[in-house]
Structures are given as C-alpha cells and as structure tokens.
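Heads up, the thing below is written out as structure tokens.
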Amino acid sequence: MAEIRKANPTARLIQTEDLGRTDATTERRVQADYDNIRRWATWDLLAGRLDRNHPFWERLAGMGFADRLAGFVESPCPPGLIGLNHYLTSDRFLDHRIERYPPTVVGTCPAGRLADVETVRALGSSPGLEEALRETWARYAIPIAITEVHNGCTREEQMRWLDESWVTASRLRQKGIAIEAVTAWSLLGAHDWDSLLTRASGNYESGVFDIRAPAPRETALATMMRAFAQGKRLGHPVLSNGGWWRGHREQHMPIADGCPSARRPLLIAGATGTLGRAFAAACLERGIYHVATSREQMNLCDPTSIERCLDAQRPWAVINCTGWVRVDEAEDNQEACLSINFGGNLALASACACRAIHYSCFSSDLVFDGLAGRPYRESDVPAPLGAYGRSKALADAALLDGRASALVIRTASFFSPFDMHNFAVHLASALRAGRSFPAASDCVTSPTYVPDLAGATLDLVIDNAQGLWHLVNDGAITWAAFAVDLAAALDLPTSQIDGRPASAMGWCAARPAFSAMTSERAQIMPSLASAIERFCREVPSCLESSTDSGCFTL
C-alpha cells in the first residue's frame with residue numbers, strides 16, 4: 001500500500017474477511033474463546049493493534065514474529081474499508097457431545113473431540129449479520145462494506161438472504177454505522193463452492209446471473225440489485241416469508257370462502273395430479289405461500305370458473321399442472337384431449353395475461369416424430385405422431401405466438417419416488433416381487449426426475465422467465481437401458497427386465513423412436529445419474545406402501 005500510495009495518494013485498502021462468532025458448550029468454551037480472538041487478527045494486525053497487550057502477542061512472538069509485529073505497531077496500515085463477509089454458516093457452535101452429530105463435522109482441538117456446526121442449525125438462531133456489523137464498527141470505527149452476500153440455495157432463499165442483508169445494512173447505516181456498500185457474491189455464480197473446491201462435482205450455484213445459458217441470464221437477484229441501486233426495495237411475493245434460518249413454517253392455504261389473504265399466492269392448478277402434488281410439496285419445503293386447486297375449484301373448461309378463482313385468489317403466478325395424460329386413450333378421445341390440453345390451457349393463459357399474472361404450463365417430447373436422430377432442442381419444429389402430441393403442439397404454438405407471456409416447459413418421461421404410478425416405481429415393485437418387467441428397447445427418451453423438474457420450474461417462475469424451455473435430466477437412454485440402470489442402482493436383479501421392441505409393448509398410439517431432449521437456452525437440470533441416485537435413496541420407503549396395479553403411462 002505504501003508503494004501504491006506513491007502513485008495514487010487516495011488509494012484505499014479494502015481488506016475482506018469472513019466474520020462469524022463461535023459459541024460452544026462449557027466443555028469447549030476455551031476453543032470458542034480462542035476462535036473469537038482469532039477472527040479479528042487480520043484487521044488487528046493491519047491497524048497496529050496486535051501489540052504486547054494483545055492476547056496473541058506471546059503466541060506469535062514465540063514463533064519468531066516479534067520484530068514483524070512491532071513493525072506493524074509502529075507503522076500500521078489500517079484498511080480504508082473493512083470488507084465483511086458473513087454467511088448463514090459463519091457463526092459456529094462447538095459441541096463436545098460428538099455422538100449427536102455425523103462424523104463429517106467432528107474434529108479435534110486441544111481440549112478434545114468436538115463437533116463444529118452452524119449455530120443457526122444447532123441452536124435455532126445465531127448472532128447473525130447485524131451483530132457482526134455492530135461489533136466490527138465498535139471495534140474499529142472504520143467504514144464497512146458487506147462484500148459477500150450469497151446463499152447457495154433455491155432462488156427465493158437467495159433473494160431472502162440478499163434482502164435481509166440490504167435491510168440490515170440500511171437500518172444500521174441510518175443509526176450512524178458507516179456502511180458504504182452491499183455487494184452480491186458471486187455475480188456470475190460459482191462452481192463446486194458447496195465443497196469449497198475440494199471436489200470436482202460439477203455443482204453450479206447461480207448468482208445474480210446464470211452462466212449456463214449461451215449468454216449470462218439475469219435471475220431474480222438482478223432485479224433486486226437494480227432496485228437497490230435505485231434506492232428501492234423489491235416487493236416480490238416470495239419475500240413475504242422469512243428464510244429457513246427464520247424458521248418459515250407451512251405456507252399452504254386451502255381454497256376457502258371468505259376474504260382472501262393479503263399475501264398473493266402462487267396458484268397450482270391440478271391439486272391431485274403427479275405434478276400438482278410435486279409442486280405443492282416443493283412450495284412447502286421452500287416456504288412459498290401457495291394454493292392448489294382441484295377441478296371443482298377451477299374448471300379449465302369453464303371461463304367463468306377460471307375468472308372467479310383468479311379474482312378471488314389474486315395469485316402472482318399460476319402453474320398449470322392439469323392436462324390429459326393418457327397417451328393411448330387420446331387416440332379414441334381426440335376431442336376431449338384437445339379440449340383439455342389446448343382449449344383449457346389457452347383459456348387459463350388468456351385469463352392470466354389479462355390480469356398480468358405469470359403463467360406456466362407443461363408440454364411433451366411427444367410433439368416430435370423422432371426422425372432427427374439427436375436430442376431435440378427448443379428451436380426444432382414439432383411433428384407429432386399421435387393425438388396427444390398434436391394437442392400439445394397446438395397449445396405450444398398458440399402460447400408462443402407472442403401475444404401471451406407464457407412459460408412453456410417441454411418435458412418427458414416422469415419418474416419419482418413420491419408417485420406410485422410411474423415407470424421407475426413399478427419397475428422396483430415388480431423386481432422386488434420377482435416378476436418380469438417389460439420395457440421398450442428401441443425408444444430413446446430423456447427420463448425426468450419430478451422433484452428436479454419442480455425445483456427448476458419454480459426458479460424460472462420466480463425469475464419471470466418466459467418462452468419455451470426444455471427441462472429434462474441430462475441424458476438420452478432407451479426405456480430398457482433406463483430400467484437396467486435403475487435396477488442396478490437399487491441392487492435388484494436385472495435379469496427380470498424384458499427388453500422388447502416398441503411394437504411388442506401393446507401401445508395404441510405411436511411413439512417416436514428417439515424423443516430425447518436437450519436445451520439450447522440452458523441445461524439447468526441435474527444429470528440423469530444424479531437423479532437416479534437420489535431416487536434410490538427415497539424409493540425404499542415408498543415401496544412399502546405401494547399398491548402396484550401395473551398401470552402407468554409412457
């Protein structure tokens with residue numbers, strides 16, 4: 001800094017550190033006291049405060065640093081701006097009762113074995129960012145910038161943490177604490193930061209931008225940052241609830257007579273279907289206030305019913321999880337299939353557009369004829385083989401004609417441990433019972449793990465994404481090969497899998513031989529291998545309650 005200031009006398013040193021406080025059980029209090037002194041060491045050294053009266057002087061002087069320490073005391077270089085990094089995991093709790101914790105958090109200190117865990121998870125609350133800012137200002141009276149604000153989590157939790165950080169900084173600034181900046185880190189997201197770069201797992205956390213797209217794509221955090229820069233605070237509906245660190249509870253509100261809540265919900269059309277239940281579960285987990293409607297509460301074939309429901313609930317977004325899903329039966333019920341997948345879809349989309357409500361719905365890989373011989377992208381022209389595919393293709397074209405600001409998610413081949421009627425669960429149930437399981441060996445698809453689909457879609461909805469997106473787990477595989485991979489992962493016999501051509505499956509409707517999909521907008525879904533691994537962790541418990549009827553739709 002001395003050399004830099006020769007060239008630029010006004011240059012400021014910004015020194016950043018992750019600042020958290022350590023608490024502990026009485027048996028590990030000595031280690032916590034040491035940690036709480038050590039957290040200030042960098043700034044103490046630069047400010048010339050690490051002198052002979054400092055608790056660390058004797059320790060460091062004994063290592064041969066006495067002259068160096070004295071040099072800082074005589075010629076300090078205090079930072080012009082303290083860069084304070086504080087995360088939800090920065091405050092730590094040390095516990096001698098290691099049997100309560102997994103081995104991954106257990107270590108050793110001079111006092112003995114201990115578990116080192118996040119205070120907010122261990123105790124339910126922590127000193128937090130506000131206390132860190134207050135302590136820093138009281139100790140140094142040097143201007144502060146919050147230099148890293150990030151939460152490796154779902155979109156609304158990222159927004160809640162950024163919003164809380166901004167509000168905290170603004171409030172303390174008004175009380176005289178010189179906070180000069182709040183910066184979002186990392187602007188472009190981070191790869192494998194969940195392991196502090198100790199594993200090359202390919203895990204990407206998006207930030208203000210998502211760089212998995214051909215060009216950096218703005219997320220909802222960009223809208224927040226833009227509002228902050230203009231001296232405003234974003235009023236997004238997902239911010240009506242606190243983050244998990246504030247203990248958000250169940251946020252589902254059933255449809256009922258009477259005055260609607262002052263909060264605007266996310267509305268899920270199709271409460272009882274596979275997708276509807278998955279989205280409701282995801283919203284509960286993520287603390288997103290929502291309502292889920294049945295056909296009786298909102299009938300998509302009745303415009304009056306749609307308008308009445310939307311006006312009563314005043315949702316900020318609608319996710320349409322309804323639709324005709326019986327592919328083979330659609331051949332003999334083309335008018336009914338078209339009425340639901342096309343007519344009802346457009347009626348709901350139009351009603352949402354008139355009310356400036358974000359609208360999203362789902363399409364299918366069966367809009368393609370399979371002749372491309374490669375995974376289909378969003379720009380590929382649909383050419384459906386059957387009635388079901390035609391109904392989806394017509395709806396896609398109408399919703400994407402530029403007049404409706406809809407988000408159309410094209411997806412395929414659902415599997416989930418939380419739905420008894422899908423390929424993967426029926427496979428596991430059959431093999432466990434010693435039965436043969438037929439699977440097409442000449443139809444290539446992109447199996448989609450429903451919890452991943454719900455999570456990625458919710459992020460896009462919160463981002464106000466529009467247009468057509470392909471959302472499938474990254475992979476292209478035949479049904480028979482998928483069955484083999486699932487069986488192997490579940491440690492079930494693969495010899496009972498009966499791979500056969502599609503012509504021998506007894507399907508009434510034609511299926512494309514190759515309907516795998518990918519995305520040219522951004523591949524934001526995890527790999528198929530990752531999805532299978534997570535499915536296998538969940539499926540044993542669901543099989544106990546499975547009543548396998550052998551009925552599911554491909």
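Source: prediction; values computed, not measured.
How far CG of Leu427 is from CZ of Arg435: 10.5 Å, rounded to the nearest 0.5 Å. The line from SG of Cys361 to CG of Leu407 is 7.5 Å long, rounded to the nearest 0.5 Å. Here CG of Leu471 is found 6.0 Å from CG of Leu453. Values are rounded to the nearest 0.5 Å. Interatomic distance, CG of Leu188 versus CD1 of Ile211, reported as 6.0 Å (0.5 Å rounding). Here the straight-line distance linking atom NZ of Lys392 with atom CG of Leu338 works out to 11.5 Å at 0.5 Å rounding. With values rounded to the nearest 0.5 angstrom, Cys309 atom SG is found 7.5 Å from Gln297 atom CD.
Not one N or O on the side chain of Thr457 forms a donor-acceptor pair closer than 3.5 Å with the backbone of Ala454. Looking at Asn473, its side chain does come within 3.5 Å of a backbone N or O of Tyr449 through a donor-acceptor pair. Glu156 places no side-chain N or O within donor-acceptor distance of the main-chain N or O of Val238, the cut-off being under 3.5 Å. Checked by atom type and distance alone, the side chain of Asp369 never pairs as donor or acceptor with a backbone atom of Leu385 at under 3.5 Å. His426 places a side-chain N or O within 3.5 Å of a backbone atom of Met420 that can act as its donor or acceptor partner. In this structure a side-chain-to-backbone donor-acceptor pair under 3.5 Å is present from Ser165 to Trp161. A distance-only check finds a donor-acceptor pair linking the side chain of Arg264 to the backbone of Arg314 [under 3.5 Å]. Judged purely by atom type and a 3.5 angstrom limit, Asp328 uses its side chain to pair as donor or acceptor with the backbone of Ala509. Under a 3.5 Å cut-off, the side chain of Ser416 and the backbone N or O of Phe418 do form a donor-acceptor pair. No donor-acceptor pair closer than 3.5 Å links the side chain of His150 to the backbone N or O of Leu187.
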task = I would like to know whether Phe423 and Trp479 meet ring pair (Phe, Tyr, Trp, His ring centres under 6.0 Å); could you show each step before the answer?
result = CA-CA 9 Å; Phe423 179 90; Trp479 285 103; 4.7 Å; yes
message = Apply ring pair (Phe, Tyr, Trp, His ring centres under 6.0 Å) to residues Phe415 and Phe482 and explain how you reach the verdict.
response = CA-CA 11 Å; Phe415 72 106; Phe482 180 42; 5.2 Å; yes
task = Carefully, step by step, assess His191 and Glu205 under the rule side-chain hydrogen bond (donor to acceptor under 3.5 Å, both in side chains).
result = CA-CA 6 Å; His191 291 276; Glu205 299 171 7; over 6 Å; no
ask   = Please walk me through it: do Ser364 and Thr411 pass side-chain contact (heavy atoms from CB on, under 4.5 Å)?
value = CA-CA 5 Å; Ser364 169; Thr411 186; over 6 Å; no
inquiry  = What verdict does the side-chain hydrogen bond (donor to acceptor under 3.5 Å, both in side chains) test give for Ser530 and Arg534, after you've listed the backbone C-alpha separation in whole Å, the side-chain angles of each residue and the deciding distance to 0.1 Å?
reply    = CA-CA 6 Å; Ser530 167; Arg534 284 174 284 122; 3.2 Å; yes
request  = Start with the C-alpha gap between Arg374 and Thr518, add the side-chain angles, then the distance that decides, and say whether side-chain hydrogen bond (donor to acceptor under 3.5 Å, both in side chains) holds.
outcome  = CA-CA 9 Å; Arg374 55 158 176 78; Thr518 189; over 6 Å; no
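For the pair Gly475 and Ser446, the tightest heavy-atom approach, listed with the atom from each and the gap, is O-OG, 2.9 Å. Summarising the geometry of Ala440 relative to Cys443, their closest heavy-atom pair is CB-CB, 4.2 Å, with the distance given to 0.1 Å. The two atoms that bring Ser363 and Val408 nearest to each other are CB-CG1, 4.1 Å, heavy atoms only. Heavy atoms only, all atoms of each residue included: Cys536 and Ala489 are closest at SG-CB, 3.4 Å. Residue Arg521 comes nearest to Gln466 through the heavy atom pair NH1-O, 2.9 Å, listed as atom of the first residue, atom of the second, then distance. Pairing each heavy atom of Ala487 with each of Ile497, the nearest pair is CB-CD1, 4.0 Å.
Taking 4.5 Å as the limit, some side-chain heavy atom of Thr168 sits within range of a side-chain heavy atom of Glu164. Two residues are said to be in side-chain contact when any heavy atoms from C-beta on lie closer than 4.5 Å; Leu399 and Leu346 meet this criterion. In this structure the side chain of Tyr204 never reaches within 4.5 angstrom of the side chain of Ile524, judged on heavy atoms. Using a 4.5 Å heavy-atom threshold, the side chains of Leu528 and Asp474 count as separate. Here the side chains of Pro237 and Tyr289 are not in contact, with every heavy-atom distance at 4.5 Å or above. Between Gln313 and Leu266 the shortest side-chain heavy-atom distance does not fall below 4.5 Å. A 4.5 Å side-chain heavy-atom check between Arg160 and Thr154 finds every atom pair outside the cut-off. Residues Ile268 and Val318 have side chains not in contact (no heavy-atom distance under 4.5 Å, counting atoms from C-beta outward).
When each of Glu378, Arg377, His470 is checked for a side chain to side chain donor-acceptor pair (under 3.5 Å) with Ser519, only Glu378 meets the rule. In summary, of the residues considered (Asp365, Asp396, Asp380), a salt bridge (charged side-chain N to carboxylate O under 4.0 Å, His left out) with Arg410 occurs for Asp396 alone.
The environment of CZ in Arg295 is sparse: at most 12 heavy-atom neighbours from other residues, nucleotides or ligands sit within 6.0 Å. The number of heavy atoms from other shown groups lying within 6.0 Å of CD (Glu335) does not exceed 12.
Cation-pi contact between Arg246 and Trp244: absent, since separation from the ring centre below 6.0 Å together with deviation from the ring axis within 45° is not met.
Taking the six-membered ring for Trp and thresholds of 30 and 60 degrees, Tyr376 and Phe368 have nearly parallel ring planes, at less than 30 degrees apart.
Among residues two or more places apart in sequence or in another chain, the side chain to side chain donor-acceptor pair (under 3.5 Å) test is passed with Asp302 by none. Take Trp316 and apply the ring-ring contact (aromatic ring centres under 6.0 Å, His included) test, not counting sequence neighbours, and it matches His236.
A donor-acceptor contact closer than 3.5 angstrom is absent between the side chains of Arg308 and Thr304. A side-chain donor from one of Ser413 and Thr445 sits under 3.5 Å from a side-chain acceptor of the other. Asp419 and Thr274 are linked by a side-chain donor-acceptor pair at a separation below 3.5 angstrom, with hydrogens and angles left out of the test. Glu329 and Trp324 are not linked by any side-chain donor-acceptor pair at a separation below 3.5 angstrom, with hydrogens and angles left out of the test. Counted by atom type alone, Asn333 and Arg326 present zero donor-acceptor pairs between their side chains at under 3.5 Å. In the model, Asp194 has a side-chain atom that pairs as donor or acceptor with a side-chain atom of Asn203 under 3.5 Å. Between the side chains of Ser305 and Asn299, not a single donor N or O lies within less than 3.5 Å of an accepting N or O. Judged by distance alone, the side chains of Thr223 and Glu218 never bring a donor and an acceptor atom under 3.5 Å apart. Under the 3.5 Å distance criterion, with hydrogens and angles disregarded, a donor-acceptor pair is assigned to the side chains of Asn320 and Tyr359. Glu520 and Ser379 form a side-chain donor-acceptor contact under 3.5 Å, judged by distance and modelled atom types alone.
In this structure, the ring of Phe362 has its center less than 6.0 angstrom from the ring center of Phe279.
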